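Each ligand, and each atom within it, is numbered from 1 in the order the structure gives. Computed from a predicted structure; not experimentally measured.
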Amino acid sequence: MALIVQKFGGTSVGSPERIKNVAARVAQHRARGDRLVVVVSAMSGVTDQLIRLAKDITPLPAEREMDMLLATGEQQTIALTAIALQAIGVAAVSLTGAQAGITTDGVHTKAKIQHITPKQVHAWLDSGHVVIVAGFQGQTPEGQITTLGRGGSDLTAIALASALKADLCQIYTDVDGVYTADPRVVPTARKLDEISYDELLELAGAGAKVMQLRSVEFAKKFGVIFEVRSSMNDHPGTIVKEETRSMEDVVIRGVSLDRNQAKFTLTGVPDRPGVAARVFKALADAAINVDMIVQNISHGDGAPTTDLSFTVDKPDLAKAQKVITGLQGEAGYRQLLVNEKIAKLSIVGVGMRSHSGVAAKMFETLAKAGVNIDMISTSEIKISVAIDGARAELAAQSVHTAFLG
Ligand code: ASP
Ligand code: MG
């Protein structure tokens, strides 16, 4: 008898009809004799709607109260899912994060799980129930309700699978698994049978929205193997696990496109020690994430200057602009240029470690497609380039064809 943790996202529980479908699927598994823990998100759109309600009252609501509010979204779906299972004759019970023994730190709206003591989960499983657990929430040792950051139901599922030593962890979603690229951008993209934690992390970090990053980091840290698969059909999904030897045979696992960045260029920056440190310290202090950075060769003899470019997430654009403008006197740069029309194209694969010429092939492909490269950054298993946003789709398609067919 296997113990399985299944997680259903907001779209999969987005209507009474869909909740009934989830119940039918769970009942099928149950009929095979498996022990089941089911983690659910809020119905799609509900979390956003709750946030809007609070912001209609005041722009900066207290984070403790936001957690109190947002936790209600998942509480609706656990009860509805339990009701749906009971209605078809399956013994089921719903538990909040706190009842499931999920203890977090006190950082409201992005709490970290400290430990899980799933006593009630075990007890209900032992008495033959399917246990439905609210995703995305926990409680502090003092009993305050917390949430785990947007998309946090994934983390609940992975962490529970680890704490319960589950035999299987399945993340049910509205796509068939992890793809070599976004099929809406690259029509020839195909589903992957398997991918390593690191590759999925790099792809997600590069803009592919498959799962919450923190949950993949957690899975990697605790070695939780999981499957991403569709709640709409029975196709096998993508297995996410530690890298294996054979994974390196494939040079590139996937291609991703991120249109969510803007490029800042500071021209005429004095080329002396401490200036870059000052700029990036100020951005860090404002909690602005910087991704790609390029500094040009400096010119001028007496007091050489250089140009410094970097990218930030678009939602941080206004904040970053304010920070940089505030530094003009101190950093002494000439001009700030902002370009919102860039895209970041990345290729990811553990095979890069053992294959040479990957960057050359990517750049050649882009050159043939007439796409100019603005900035480049790399990690051990990723190459990213900033390019003109207007040519981004063509660029993604060309690079996908070159590496993945
Ligand atoms: N309902 C939460 C959100 O929308 C958590 C989740 O869906 O995983 O972010
Ligand atoms: Mg969600």
Side-chain angles (χ1 to χ4, degrees), residues 5-16 18-19 21-22 37-55 61 63-82 94-100 102 104-105 107-113 116 131-139 145-162 169-175 177-178 200-201 204-205 207-219 224 226-232 237 240 260 313 315:
V5 173
Q6 301 186 323
K7 181 255 170 179
F8 293 90
T11 317
S12 307
V13 292
S15 67
R18 290 203 166 158
I19 291 177
N21 284 339
V22 167
V37 174
V38 177
V39 175
V40 289
S41 295
M43 295 169 81
S44 55
V46 166
T47 307
D48 288 329
Q49 195 203 337
L50 291 169
I51 293 173
R52 270 200 305 278
L53 281 174
K55 301 237 155 136
E63 290 180 331
R64 179 194 182 278
E65 305 309 329
M66 286 311 287
D67 278 354
M68 185 64 82
L69 179 66
L70 296 191
T72 64
E74 271 69 16
Q75 252 173 264
Q76 296 179 350
T77 37
I78 52 171
L80 291 169
T81 308
S94 63
L95 297 179
T96 64
Q99 290 174 322
I102 299 174
T104 73
D105 64 18
V107 183
H108 284 290
T109 75
K110 36 182 174 305
K112 283 204 172 73
I113 296 179
I116 302 186
V131 182
I132 320 289
V133 178
F136 178 54
Q137 54 171 264
Q139 86 174 345
I145 294 179
T146 51
T147 64
L148 308 175
R150 295 307 304 270
S153 301
D154 288 336
L155 182 58
T156 304
I158 302 276
L160 263 178
S162 172
C169 179
Q170 299 178 314
I171 307 290
Y172 284 91
T173 175
D174 50 1
V175 292
V178 182
L200 184 57
L201 282 169
K209 285 188 225 62
V210 189
M211 274 184 74
Q212 191 209 32
L213 271 181
R214 270 174 68 188
S215 62
V216 184
E217 280 161 4
F218 189 103
V224 180
F226 61 92
E227 180 187 18
V228 180
R229 56 183 297 160
S230 170
S231 62
M232 320 287 167
V240 186
N260 199 32
D313 292 342

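At least one N or O atom of Gly151 sits closer than 3.5 Å to an N or O atom of ligand 1. Not a single N or O atom of Lys7, backbone or side chain, sits closer than 3.5 Å to an N or O atom of ligand 1. Polar contact check, Asp154 against ligand 1: no nitrogen or oxygen pair lies under 3.5 Å apart.
In the vicinity of Glu74, heavy-atom distances shorter than 4.0 Å reach the ligand 1 atoms 1 (N), 2 (C), 5 (C). Applying the 4.0 Å criterion to heavy atoms of Arg150 picks out, from ligand 1, the atoms 3 (C), 4 (O), 9 (O).
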What's the verdict on side chain to side chain contact (heavy atoms under 4.5 Å, CB included) for Arg229 and Tyr172, showing C-alpha distance, side-chain angles and the deciding distance? CA-CA 5 Å; Arg229 56 183 297 160; Tyr172 284 91; 3.7 Å; yes
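Ile171 approaches Ile158 most closely through the heavy-atom pair CD1-CD1, 4.4 Å. Here the shortest heavy-atom pairing between Ala111 and Leu148 reads O-CD2, 3.5 Å. The minimum heavy-atom distance linking Gly237 with Glu227 is given by the pair N-OE2, 2.9 Å.
Neither side chain, Thr146 nor Asp67, offers a donor N or O lying under 3.5 Å from an acceptor on the other.
In this structure, Gly152 counts as a contact residue of ligand 1, since one of its heavy atoms falls inside 4.0 Å of the ligand.
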